[in-house]
**Student:** 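Okay, here's the structure, questions in a sec.
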Amino acid sequence: MDCPNQKQNQMICNCTYPCGKKGICCQCVSYHRSRNELPACYFPAAAEKTYDRSLANYVRLFQQGKI
Ligand code: SF4
């Protein structure tokens with residue numbers, strides 16, 4: 001099923017990884033949740049570029065005041 005919001009979502013998506021789920025947020029969240037991760041949009045640009053989307057990385061950045 002096509003996502004009616006895909007193009008609109010892609011315009012605000014900060015993910016730099018080449019991925020077929022870009023703009024299909026339900027698939028993106030589901031994929032990363034299954035891996036104990038968060039989607040790119042939870043991370044600031046510098047952290048997003050590392051592709052470390054783990055919850056541990058998110059908590060570390062939060063504790064460092066970077067989020
Ligand atoms: S955050 Fe992950 S699933 Fe979502 S578009 Fe980027 S690489 Fe793909």
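A quick note: this is a predicted structure, and the numbers were derived from the prediction, not measured. Just follow the structure's listing: the first ligand is 1, and inside any ligand the first atom is 1.
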**Student:** Measuring to atom 6 (Fe) of ligand 1, does Cys13 have an N/O/S atom at a distance below 2.8 Å?
**Tutor:** no
**Student:** Do side-chain atoms of Arg53 reach the backbone of Glu48 as a donor and acceptor pair under 3.5 angstrom?
**Tutor:** yes
**Student:** Heavy-atom contacts under 4.0 Å between Cys15 and ligand 1: side chain, backbone, both, or neither?
**Tutor:**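 Side chain only.
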**Student:** Mark the output for Gln27 as yes if a heavy-atom distance to ligand 1 is under 4.0 Å, and as no if none is.
**Tutor:**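 Contact absent.
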**Student:** In terms of atom number and element, which parts of ligand 1 are under 4.0 angstrom from non-hydrogen atoms of Tyr17?
**Tutor:** 7 (S)
**Student:** Counting only heavy atoms from other residues, nucleotides and ligands, does the tally under 6.0 Å from CZ of Phe62 exceed 12?
**Tutor:** no
**Student:** Going by the order shown, which atoms of ligand 1 are within less than 4.0 Å of some heavy atom of Ala40?
**Tutor:**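 Those atoms are 1 (S).
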**Student:** I'd like to know if the side chain of Asp52 reaches the main chain of Asn57, judged simply by a donor and an acceptor atom lying under 3.5 Å from each other, with no hydrogens or angles considered.
**Tutor:**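 Such a contact is absent between Asp52 side chain and Asn57 backbone.
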**Student:** Only heavy atoms of Arg53, strictly under 4.0 Å: list the atoms of ligand 1 that pass.
**Tutor:**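 Those qualifying, in numeric order: 1 (S).
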**Student:** Ignoring hydrogens and geometry, is there a side-chain-to-backbone donor-acceptor pair from Gln10 to Lys22 under 3.5 Å?
**Tutor:** yes
**Student:** Which atom, counting only N, O or S, brings His32 closest to atom 2 (Fe) of ligand 1?
**Tutor:**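 Distance check against atom 2 (Fe) of ligand 1 picks out NE2 in His32.
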**Student:** Do any N/O/S atoms of Cys28 come under 2.8 Å of atom 4 (Fe) of ligand 1?
**Tutor:** yes
**Student:** Specify the protein heavy atom at minimum distance from atom 8 (Fe) of ligand 1: its residue, its atom name, and the distance to 0.1 Å.
**Tutor:** Cys19 SG, 2.3 Å
**Student:** According to a hydrophobic-cluster definition based on side-chain heavy atoms being under 4.5 Å apart (Ile, Leu, Val, Met, Phe, Trp, Tyr only), do Leu55 and Leu61 belong together?
**Tutor:** yes
**Student:** Quick check: are there more than 12 heavy atoms from other residues, nucleotides or ligands sitting under 6.0 Å from OH of Tyr58?
**Tutor:**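 For Tyr58, atom OH is crowded (more than 12 foreign heavy atoms under 6.0 Å).
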**Student:** Does a sphere of radius 6.0 Å around CD in Gln8 hold more than 12 heavy atoms from other residues, nucleotides or ligands, not counting ones at 6.0 Å or beyond?
**Tutor:**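 Not buried by this count: 12 neighbours or fewer within 6.0 Å.
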